[in-house]
Structure formats: C-alpha cells, structure tokens
Protein chains: 2
Amino acid sequence: MKQPTIHDVAERAGVSKSLVSLVMREPDRVSDASRQAVLEAAAELGYRPNAVARSLVQRRTRVIGVVLSDLHNPFFADVADGIEEAATVRGYRALLSSGFLDAKRERAAVEMMLELRVDGLIMLGSMMKVTKIEKVAASLPVTLLGRHTTSKVVDSVGVDDSAGARAAVDHLVALGHERIVHINAGKAAGAPRRQSGYKKAMRRHGLEDQIRSVKANFTERGGARAMTEILESGDLPTAVFAPNDFAALGAMEVIDSAGLDIPGDVSLVGYDNLGLAALPRIALTTIGQPRADLGRTAVRLVLERLDDDRKTGRHEVVPPKLVVRATTGPPRHNTRG
Amino acid sequence: MKQPTIHDVAERAGVSKSLVSLVMREPDRVSDASRQAVLEAAAELGYRPNAVARSLVQRRTRVIGVVLSDLHNPFFADVADGIEEAATVRGYRALLSSGFLDAKRERAAVEMMLELRVDGLIMLGSMMKVTKIEKVAASLPVTLLGRHTTSKVVDSVGVDDSAGARAAVDHLVALGHERIVHINAGKAAGAPRRQSGYKKAMRRHGLEDQIRSVKANFTERGGARAMTEILESGDLPTAVFAPNDFAALGAMEVIDSAGLDIPGDVSLVGYDNLGLAALPRIALTTIGQPRADLGRTAVRLVLERLDDDRKTGRHEVVPPKLVVRATTGPPRHNTRG
DNA sequence: AGATCCGGATGGAACGTTCCAATAGCTTTC
DNA sequence: GAAAGCTATTGGAACGTTCCATCCGGATCT
C-alpha cells in the first residue's frame, strides 16, 4: 500500500530528487542518460507523482470542481461532458459532486470543494442563494450554469430562455394556436425568463388577452398538478407550454388519462430536449439547449478569471433550438381570424 | 484570493498554531477561553482548513473516488446517492469522475484519482480489463459495482442477475405464458447470468423446448433489431424478456409500430427499473435493483479494507425485485395444459 | 518542602513535492 | 591562461497542516 516517493526514485536512479522532479515535469531539460535512468527507476517502482504534495507547494490543484444540483437530471450529464472535455484541453481536470437537490447538502459539497482547494467552481442549477455564492466567489472563480446573475464576482452561462419561450410560442402560433397556456416553474433557475419570454411573444402576436400562466415547478408531479388545475378550470386551451420536459411529462399523463388526445385536443411543448423526449411513445416537441457548449463555455469563463485574471463579471447567453416532434399539431377548431 | 492559514488565525488569537489545529479537530480538549478566541479569530478571517495540507501529513484524504463508466445512465445516479450517503456517515466524502463509456478515458479518470491519493475507489460498470484493475488495487482498495469478479484483491457488488431472470420467467409463467423469448446482451456486464438464469428457470418449469434466445446488446437500438428479427421469423412468442430497460424500449417501439398490442399480443419484461420505465405511457414491467443499497454496500467493502484491514476478496450479491406494471398480462390464447 | 502529577499549551519535525539560488565541470573567448 | 558563459545538476527552503515530545505552572501528595 505504501507508495514510492520521489526520494525512492532518486535513490534508485542515483540522482537528486530535484532531477527526478524535473524529469517528470520537463523531460527534455535533462540529459538523455539521466532521463533514461530516472524513467526506468520510476517504472520499476511504480512511482506516481503525489498530486497532494504538488498542490500544496504550487498552491493550486489544477482541478475544477463541479457541483451538480441533481445527478438524476440527464441534462447535466451532457453539460458535464462539455466541461470535462474543455477542462482536459486546458490541462485541468474536472471533479464532480452532487448537491442532491438540497441546498444544505449542496453547501456541504461546495465546502468540500473549497477545503480541497479546487482552482475554480462550476455550479450546475444551483439552489443556493446568490449572496452565499458571492461569498464563495471571494476565494475562487465561480461560474453559475443554467441560472442568471448580474453579479460582478460570479459569472454565468445559460441559454436565452426568453428566446426559447418565444420559439415555442411562435411554433404554436404558426400552427394556428391562440389559446396557449404556460405552466411556469415560479422562481426556479431559468423559469422567470421562460415565463416573461412567453408573455412577450404572446403580446407580439397580438394575443395578450390570451396570456394565462399556471404556477408549478420543474417536476413531473408539479406539471401533473398544474395540468389538472387547467382541466378542472373547464376552460381548456388548445396548447400548453411547459417549463421543462419533466413537467411536460406530468402534464402529458394527466391529459392522457383524461381521455384527451395529444395533439388532437391539445398540443404540448416541453423544454430541455431530454433523451426521453425522443422516445417514440413520448415524442415530445421541446426546446433543445446546446448542453456541451454550455459546459465548455463555463470552463472558459472560469479559466479567464484564473489564467487571464479577468475581474469583471461576464454573463453569456447561448441560443436554444426548437425540436418539433409529435406532441404539437394544428388546433382542432381553429378559432383564429 | 489568498486564503488565511492556520498561522494567521494563531497570530490573531494570540495562541500557537498547534492550539488552533487542536481547536479545529478536538474542541473540547482546550480551555474555554482559548477555544473562544480561536473560533472568533477563525470566523473573522474566514479561515477554512486546507485539506491538501492535512492530507499530505496524514497520508490519507478521507475521499472515496467514484469512477462512473457513464454519467448518462440514470442507474448510476441512484447508486451514487447510496455511495454518498454511506460515505458521509463514515466520515468520508465521495468524489465523482466519468469514464464517458471509453476505456481510455476511464483509465485517465482512475489515474487522476490515484494521483489525488483518494483512499479508496469504487468503479461503476467499469470497462477496464480486470488485470488492469487488479494492478490499481495494489495501491488502494477497489470495489467493482455491477460487475462480477472472483479476484482476491478486488471486491465486487452486484445483484443476483440469475435470480432476477428467474423472477421474470416465474412471473410470465404464472400469467400462463410458455413461449417466452429472451433477448440477450451477449457478454456485456451482467448479461450472461441473466441469460443462464432465464434458461434455468425455463427448464425448471418444464419449458426447455421453448427456450429461445436472440442476441442483441444493452441499447435501445439493439433491442429494436432483435425484436424485428423475432417478428420476421414469423414465429411470434407470447412474451419477450429483454436484457435491460433500454433494450425493452427498443423492442416496445418495434412491437408498437407493427400494430401489435402490449400486453394483448405480446408481454414484455425489462430489467433495471429505470425511472422512465415508470412513466405511464411506458409502464414497463421490469426487474428492479436496490440501487442505493448497491452503493452503500460498495462503500462498506472499501472501508472494510481501509479501516478493518481485510485482505481477502469479497463478492456480495443482493437480490433483485420484480416490478409489475402494464406490459405484462395473460397470453391471448392460453396454450397451456 | 520537595516530589509528583496534571491539564493546557507550545515548538519543531515531518509529509512529498516544487522552485530557486548555487555549484560543478566544461567550453569558449580574448 | 584567466575570465566568462554555458549546461546539467543539486541542496535547501517553502507550502499548511498534524503529531509528538516537551514545557509550564499550579495542585496534590508524602
């Protein structure tokens, strides 16, 4: 179990520890003979540099911490892919920890990352208060992903949720819909902009008297409850725009079990383009986000502060994309015009 | 950006660094006055112990590394939950890294964990060769999850796949099925035992002449191809047992689009009980695995080697559970008896 | 009163690296 | 042939902790 150290290698190769260190870091700065000897000794002993010791003296770990609010959300997996890729290219490594959809556990995860002295932090769909996050940002660069701030010390990346909502509404209007209800997810990350984007788009189409927004959240259950509420109101719209795919799924279940047809009786649009939205039995029309891009951008933002020492806040927005599937179609009775 | 150290705290509190260290570790060993002073100074400076330095001197990090073969597999998210929970209880923390379904990238992830000097390693659905993993196990405790070994140096946890297959067959036979086809996933992790369990169960029910197994893999596409093959054979069974939920989903799509009814014309059983199997539109009967339990067990195995220094290999098996939903029912024409 | 004990606090070594100034041994230059 | 310059290598300090042996001052014992 005892790992060999740089001293063991030095002794076996008959050189100083400094030389071994140099071989590990810049092999072509040493003579062929020494390099050979050191490499050989290292291989024989199974030497592996101790990143803990290195981090201590260099006062940086070359690790970017990633705190996910929820490991179960497939959305984050793709984002993490992008993060990992971009980090590797720049000579950093990514380390993940989950907040398990609980602000307290998320804080514990962040605390761990700080004690571990990661060089930068990316928070996916964080549930923590911005003021708390700003405090964290006093000790390292922090980028918020999938959530907007205007903070000077915390950067953020996200999709243009307003544009996404607009795309959904435009699509429905183009099909002939007017009575389009939005299920909103309150103040959750990204939700407010989706809601305001919906309202703005409705107005732009001269449908402001049709604006109707029902409060829910980002879960299947929340979507189901909201849809039940809509059905029970007796005032059935021709289309429903959900705040994300999970909520759309919940709504779908309720519509199905009410004996209504999608999209015959009511069209349905989600948001996120999760993998399951593509399943033939689901075939949900939704708004896709360039997930890997988001991850890459987040890494770039962190490294700009770290290596190029940027001091100002940056807030990047990438455009979303409409993905049309089978849950949207023309309204049964076109009430238009 | 410069973090305060234990010295800064000591100076401000007017005590020695050793005392500060003691307050952080065992607060009730110091006098009330000193404790108060130190805690106050620490809070004022925003002191946070440097885990890197601590790890260096203690020669252990209290971190359990978790390498996931695939972040996208929802199966792993639950397992990770169990790992995280069990680790926290025992005073360890879990750190994740993804192998992105690629043996090379997985090795890089493992290498990183080793350099970081994590205390133990849990590998979920690893794609690396066992001999490679055994080499890794020379420097720290390694537990393989969702994959079996008989290794003396590497532990493993998994579900009893044979029992799971038996449960599936028993359920179908109880409903009156006899012509039950198995789609198998070849040699992929867990697949051989599911196949042999199926065969054994069929024999036990006196149905050995009905044994029929079609080769595929663990993906949706693979399941679809196998199901197409079954349909084209012209010899339609009354029930299909897929190697996992993804493959079942593929089969489901093919059956749906052939205009056949599930379970009216053919019953379908999956394996894994993914979250999406519970969606009402899917409602897949499947075999559930106690995922969080698997995670907890893996942690226990690692810590047994670490803290109780066990030296022998352990290979734990936990029982799976049948989850009946809407894709199974009695066969249309009961050919029994 | 001197020896003993005890709780509380301290200073220095150690952990395994990197980094930097210094050195040794050559070659080149004037 | 001494000075200067180069290349390859080295030793020691530093990073921020923990751990251990030691110390200090007061109480308790004989």
Side-chain angles (χ1 to χ4, degrees), chain A residues 1-39 41-42 45-63 91 112 114-119 139-140, chain B residues 1-39 41-42 45-63 91 112 114-119 139-140:
Chain A
M1 287 301 195
K2 178 81 169 69
Q3 303 275 34
T5 75
I6 205 170
H7 289 103
D8 301 326
V9 178
E11 191 175 357
R12 175 175 265 256
V15 299
S16 72
K17 60 171 184 24
S18 302
L19 221 225
V20 176
S21 171
L22 199 56
V23 170
M24 293 298 148
R25 288 173 295 122
E26 297 167 272
D28 27 292
R29 282 244 190 124
V30 316
S31 69
D32 289 1
S34 302
R35 182 165 2 100
Q36 188 94 10
V38 168
L39 257 20
L45 292 172
Y47 170 71
R48 200 178 333 257
N50 184 331
V52 174
R54 181 193 307 141
S55 299
L56 183 61
V57 47
Q58 293 192 148
R59 289 209 238 84
R60 62 138 151 223
T61 49
R62 294 216 147 251
V63 169
M112 167 177 81
L114 289 174
E115 288 190 8
L116 255 26
R117 295 296 196 265
V118 297
D119 291 343
S139 35
L140 46 38
Chain B
M1 286 300 195
K2 179 81 169 67
Q3 302 274 34
T5 75
I6 205 170
H7 288 104
D8 302 326
V9 178
E11 190 175 356
R12 176 175 265 256
V15 299
S16 72
K17 62 170 181 25
S18 304
L19 220 225
V20 177
S21 170
L22 200 57
V23 170
M24 294 297 149
R25 290 174 295 121
E26 297 167 90
D28 27 292
R29 281 241 192 126
V30 315
S31 69
D32 289 0
S34 303
R35 178 162 9 94
Q36 188 96 7
V38 168
L39 258 19
L45 292 172
Y47 170 72
R48 197 173 342 252
N50 184 330
V52 174
R54 182 195 306 140
S55 299
L56 182 62
V57 45
Q58 291 192 148
R59 294 216 232 79
R60 60 139 152 223
T61 51
R62 294 215 147 253
V63 169
M112 166 177 82
L114 290 174
E115 289 190 5
L116 254 26
R117 296 295 194 270
V118 296
D119 292 343
S139 36
L140 45 41

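In the text below, chain A, chain B and the rest are named by the order of the sequence lines, each starting its count at 1.
Atom CD of Q58(B) is separated from atom P of dC20(D) by 11 Å (rounded to the nearest Å). Atom C1' of nucleotide dT7(D) and atom CZ of R35(A) are separated by 14 Å, given to the nearest angstrom.
Counting heavy atoms from C-beta on, the side chains of L45(B) and V9(B) come closer than 4.5 Å. Looking at M24(A) and Y47(A), their side chains come closer than 4.5 Å, going by heavy atoms from C-beta outward.
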Donor-acceptor pairs under 3.5 angstrom involving side-chain atoms of residues 48-58 of chain B: please list them, not counting sequence neighbours.
unit_1: R48(B); atom_1: NH1; unit_2: E111(A); atom_2: OE1; d: 3.2
unit_1: R48(B); atom_1: NH1; unit_2: E111(A); atom_2: OE2; d: 3.1
unit_1: N50(B); atom_1: OD1; unit_2: V52(B); atom_2: N; d: 2.8
unit_1: N50(B); atom_1: OD1; unit_2: A53(B); atom_2: N; d: 3.2
unit_1: S55(B); atom_1: OG; unit_2: A51(B); atom_2: O; d: 2.7

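Listed for the D119(B) side chain is no donor-acceptor partner under 3.5 Å among the backbone atoms of R60(B).
The stretch residues 17-25 of chain B comes close to DNA chain C through K17(B), S18(B), L19(B), each having a heavy atom under 4.0 Å from the strand.
Among the heavy atoms of the strands, none lies under 4.0 Å from S55(B).
Taking the nucleotide of DNA chain D with the nearest heavy atom to each of V15(A) and A53(B), the more 5' of the two is matched to V15(A).
Between S34(A) and dT9(D) there is a side-chain polar atom (N or O) within less than 4.0 angstrom of OP1 or OP2.
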Trace of the side chain to side chain contact (heavy atoms under 4.5 Å, CB included) decision for R117(B) with Q3(A): CA-CA 10 Å; R117(B) 296 295 194 270; Q3(A) 303 275 34; 4.1 Å; yes
Test log, rule side chain to side chain contact (heavy atoms under 4.5 Å, CB included), inputs L140(A) and V118(A): CA-CA 8 Å; L140(A) 46 38; V118(A) 297; 3.7 Å; yes
Step-by-step side chain to side chain contact (heavy atoms under 4.5 Å, CB included) determination, R12(B) to D8(B): CA-CA 6 Å; R12(B) 176 175 265 256; D8(B) 302 326; over 6 Å; no
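Along DNA chain C, the stretch of nucleotides lying under 4.0 Å from any heavy atom of chain A spans, 5' to 3', dG16(C) to dC19(C).
Taken from OG1 in T5(A) to CD in E11(A), the straight-line distance is 9.0 Å, to the nearest 0.5 Å.
A side chain to side chain contact (heavy atoms under 4.5 Å, CB included) with I6(A) is found for one member of S21(A), S18(A), S16(A) and no other, namely S21(A).
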Paired and unpaired positions of DNA chain D as dot-bracket, Watson-Crick or G-U wobble under 3.5 Å, | denoting a partner strand: ||||||||||||||||||||||||||||||
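Remark: R35(B) pairs with V23(B), P27(B), V30(B), D32(B), L39(B) by the side-chain contact (heavy atoms from CB on, under 4.5 Å) rule, at least two apart or across chains. In this structure A13(A) satisfies the side-chain contact (heavy atoms from CB on, under 4.5 Å) test together with V15(A), A37(A), V38(A), A41(A), sequence neighbours excluded.
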